[in-house]
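For reference, the structure discussed in these notes is given below.
Note that the numbering runs from 1 along the sequence shown for the chain.
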Amino acid sequence: MLLEVSLIISGALFLFSSLLFIFKEKAIFLINGYSIISRGRREMFDEAKICKDYGIILLKYSLIL
């Protein structure tokens with residue numbers, strides 16, 4: 001039971017990270033809290049780098065699980 005749940009969560013994290021890698025800047029809305037930042041403050045961030053970094057983190061979590 002625990003192994004099955006771990007595999008499901010791992011698969012979901014892998015899918016989510018692959019979405020971030022594929023859609024790059026278009027998938028920025030998937031990142032928690034980014035949508036509530038004001039538009040002027042969003043211009044200070046590199047959206048492609050944020051998506052790449054977040055995707056790498058999720059990929060590592062999926063491999064750990």
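In this structure, the separation between CD on E43 and CD1 on I37 is 12.0 Å, given to the nearest 0.5 Å. With rounding to the nearest 0.5 Å, the separation of CD1 in I8 from CG in L65 is 12.0 Å. To the nearest 0.5 Å, atom CD1 of residue I56 and atom CG of residue L20 are 10.5 Å apart. Going from atom CG of D46 over to atom CD1 of I28 covers 9.0 Å, rounded to the nearest 0.5 Å. Between the CZ atom of F14 and the CG atom of L7 there is a distance of 13.5 Å, given to the nearest 0.5 Å.
Checked by atom type and distance alone, the side chain of R42 never pairs as donor or acceptor with a backbone atom of E47 at under 3.5 Å.
Across every non-hydrogen atom of S17 and G55, the tightest pair is CB-O, 3.4 Å. Pairing each heavy atom of S62 with each of S10, the nearest pair is O-OG, 2.7 Å. Smallest separation of non-hydrogen atoms from L15 and S18: O-OG, 2.7 Å.
For Y34, the OH atom sits in a packed shell: over 12 heavy atoms of surrounding residues, nucleotides or ligands are nearer than 6.0 Å. Counting heavy atoms of neighbouring residues, nucleotides and ligands inside a 6.0 Å radius, atom CZ of F23 does not exceed 12 of them. The environment of CG in N32 is sparse: at most 12 heavy-atom neighbours from other residues, nucleotides or ligands sit within 6.0 Å. Within 6.0 Å of CZ in F21 there are more than 12 heavy atoms belonging to other residues, nucleotides or ligands.
Taken together through direct or relayed side-chain contacts under 4.5 Å among Ile, Leu, Val, Met, Phe, Trp and Tyr, I57 and L63 form parts of separate hydrophobic clusters. I50 and L59 fall into different hydrophobic clusters, where Ile, Leu, Val, Met, Phe, Trp and Tyr are joined by side-chain heavy atoms under 4.5 Å apart, directly or via other members. With hydrophobic clusters built from ILVMFWY side chains whose heavy atoms lie under 4.5 angstrom apart, I64 does not share a cluster with L3.
When side chains are defined from C-beta on, Y54 does not count as touching L30, because their heavy atoms never get closer than 4.5 Å.
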